[in-house]
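Below is one structure, written out as structure tokens; comments come after it.
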Amino acid sequence: KVSVIIPARNEENSLPLLLDDLSRQTYPAHEILCIDDDSTDRTGEVALSHGAKVVSLREKPEGWNGKSWACQKGADSADGDLLLFLDADVRLGEDSVERIIRAYIDHGCVISVQPYHDVPKTYEQFSMFFNLVQVAANGMGLPGKDKGFILYGPVILISHSDYGKVGGHASIRERIVDDMALGERLRNTRILFRLYLGDRKLSYRMYGGGFRDLYEGWMKNMAAGALKTPPILFILVFLWITSSASVPLHLILAAVRMDMVGMAFYLFLYLVWVGELYRISGRIGSFEKWGILFYPVLLAFYIVVFFLSMVKRVFRIKVAWKGREVKER
């Protein structure tokens, strides 16, 4: 029996899409619980109208950050053998739940999926480097079968018993990046998990509410994620970012000096980077060719947000997300 748990705060537009997808699954859920996390819109009403059980939360207790409170209350209300946590912006093909369950049965461990990122609007292209670094910093690009150091929050399937063994989301209540913290708990408890990249049949649209929504969403995650990344992966990602940034800078400098040999050399390297980014970005999202061609603009935005996020982290400045201020202790 699979209990689907959807933590939702102000998700009246996304919820109908996900709930419709869940109603068409080849592997039907035992129950669908929408955890209305003190929403100021019609999230609860929408969930009820689509047949979901609604757990309404008000006045989040002191010391809880992010969606951990909603996830924990959802798990407390669920009676399935397996808990499938889904973000409200996830979209599912008809056999998506079945595929996740099959992976769980095949490997007998926690399953987590990074959905394919649907980015239909121009400003959403600015998520490209965040997505690439998110996957790279988790070790998904490394060789070997057992890869990954943290979970992907949008899709997590875990048995009710394993969830209890790690203390659930209550054990990570103060952490901003809950998927990273829960992954750490699983590793410390020696509970295995496997990670997958989604396809167009298991996707999401993270920040459809505008550029500010995108900026605040990535701002709250970047510094906390970087500080918890294993050192070797942090170094590899740092070198990767440095290389991708240095090529266009050297191309500009060569052009200013009218160094034709240098221009030709760095133009060649630039095109190599464009080709590589085109190859790998296509596996994680619907990023446009023009954005990849002018990738330094997207990279500059990533670097600025990362720097500001780190400053806020170091000086313990609160960040805002969905109308709330969050601050990790």
Side-chain angles (χ1 to χ4, degrees), residues 1-12 14-15 18-19 22 25 27-90 92 97 100-101 104 109-113 150-189 191 193 321-322 324 326 328-329:
K1 295 188 298 183
V2 180
S3 294
V4 175
I5 299 171
I6 308 170
R9 176 173 168 81
N10 297 337
E11 297 285 1
E12 66 176 3
S14 299
L15 264 179
L18 173 58
L19 293 173
L22 285 168
Q25 291 301 302
Y27 193 111
H30 166 65
E31 59 182 349
I32 300 173
L33 297 94
C34 177
I35 316 305
D36 181 7
D37 189 6
D38 200 14
S39 298
T40 56
D41 64 3
R42 299 177 57 253
T43 291
E45 298 173 40
V46 169
L48 281 174
S49 68
H50 283 74
K53 176 183 177 181
V54 176
V55 178
S56 298
L57 304 182
R58 298 292 181 265
E59 299 181 3
K60 179 186 293 187
E62 184 70 24
W64 290 77
N65 267 320
K67 62 183 181 183
S68 291
W69 173 242
C71 290
Q72 183 64 57
K73 297 304 289 184
D76 292 343
S77 302
D79 62 4
D81 307 303
L82 301 176
L83 306 177
L84 177 57
F85 293 94
L86 296 176
D87 280 359
D89 51 13
V90 170
L92 304 171
V97 172
I100 296 169
I101 298 299
Y104 176 85
C109 66
V110 178
I111 300 296
S112 185
V113 183
I150 60 173
L151 300 180
Y152 291 126
V155 181
I156 298 174
L157 178 71
I158 184 172
S159 71
H160 218 144
S161 60
D162 282 345
Y163 186 77
K165 288 177 184 176
V166 298
H169 281 81
S171 65
I172 56 168
R173 63 174 68 91
E174 295 182 349
R175 299 284 291 275
I176 295 175
V177 189
D178 56 280
D179 47 4
M180 175 171 283
L182 190 59
E184 290 176 0
R185 290 286 298 168
L186 290 172
R187 292 177 68 86
N188 293 338
T189 316
I191 295 176
F193 58 86
W321 176 238
K322 291 194 174 182
R324 285 174 171 165
V326 293
E328 190 169 317
R329 289 164 172 76

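This chain uses plain numbering: 1 for the first residue, then up along the sequence. For clarity, every value in this text was computed on a predicted model and none was experimentally measured.
Taking all atoms of both residues into account, the shortest heavy-atom contact from A47 to L19 is CA-CD1, 3.8 Å. Summarising the geometry of Y104 relative to S159, their closest heavy-atom pair is OH-CB, 3.6 Å, with the distance given to 0.1 Å. Scanning all heavy atoms of the two residues, the minimum distance from A8 to L15 falls at CB-CD1, 4.2 Å. Minimum heavy-atom separation, G153 to D87: O-OD1, 3.9 Å. Between R9 and S39, the closest heavy-atom pair is CA-OG, 3.4 Å. Looking at every heavy atom in both residues, S14 comes nearest to D89 through CB-CA, 4.2 Å.
Residues H169 and F85 are in side-chain contact: their nearest non-hydrogen atoms beyond the backbone lie under 4.5 Å apart. Within the 4.5 Å cutoff, the side chain of L57 has no heavy atoms near those of the D38 side chain. Counting heavy atoms from C-beta on, the side chains of D37 and P7 never come closer than 4.5 Å. By the 4.5 Å heavy-atom criterion applied to side chains, V90 and V113 are not counted as neighbours. The closest side-chain heavy-atom distance from I100 to V2 is not below 4.5 Å. Side-chain contact between D76 and V55 is absent, with no heavy atoms from C-beta onward closer than 4.5 Å.
Between W69 and W64, the two ring planes are perpendicular [angle over 60°; tilted spans 30° to 60°].
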Next on the checklist: What verdict does the side chain to side chain contact (heavy atoms under 4.5 Å, CB included) test give for I158 and L186, after you've listed the backbone C-alpha separation in whole Å, the side-chain angles of each residue and the deciding distance to 0.1 Å?
Outcome noted: CA-CA 10 Å; I158 184 172; L186 290 172; 4.1 Å; yes
Checklist entry - Would Y163 and Q72 count as a side chain to side chain contact (heavy atoms under 4.5 Å, CB included) if you check the C-alpha gap in whole Å, the side-chain angles of each, and the deciding distance to 0.1 Å? => result CA-CA 10 Å; Y163 186 77; Q72 183 64 57; 3.4 Å; yes
Next on the checklist: Applying side chain to side chain contact (heavy atoms under 4.5 Å, CB included) to V97 and V4, what does each step give before you reach the verdict?
Outcome noted: CA-CA 10 Å; V97 172; V4 175; 5.7 Å; no
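The distance from the CG atom of D36 to the CD atom of E12 is 11.0 Å, given to the nearest 0.5 Å. The CD1 atom of I150 sits 8.0 Å away from the CZ atom of F193 when rounded to the nearest 0.5 Å. One finds the CG atom of L151 at 5.0 Å from the CG atom of L182 (value rounded to the nearest 0.5 Å). Between H30 atom NE2 and L82 atom CG the span is 11.0 Å, to the nearest 0.5 Å. Rounding to the nearest 0.5 Å gives a distance of 12.0 Å between OG1 of T43 and CD1 of I35. The CD atom of E62 lies 11.5 Å from the CZ atom of R173; values are rounded to the nearest 0.5 Å.
Judged purely by atom type and a 3.5 angstrom limit, R187 has no side-chain atom pairing as donor or acceptor with the backbone of E184. With hydrogens and angles ignored, the 3.5 Å screen pairs a side-chain donor or acceptor of S112 with a backbone N or O of V155. A donor-acceptor pair is defined here as one N or O able to donate and one able to accept, closer than 3.5 Å; no such pair exists between the side chain of T189 and the backbone of V166.
Listed by first and then second residue, the side-chain hydrogen bond (donor to acceptor under 3.5 Å, both in side chains) pairs involving residues 45-60 are R42-E45 (not counting sequence neighbours).
Comment: R175 does not engage D178 in a salt bridge, judged by the lack of any side-chain N to carboxylate O separation of less than 4.0 angstrom.
With sequence neighbours left out, the side chain to side chain contact (heavy atoms under 4.5 Å, CB included) criterion links A78 to S3, I5, E31, L33, L83, H160. Residues passing the side chain to side chain contact (heavy atoms under 4.5 Å, CB included) test with D81 are K1, sequence neighbours excluded.
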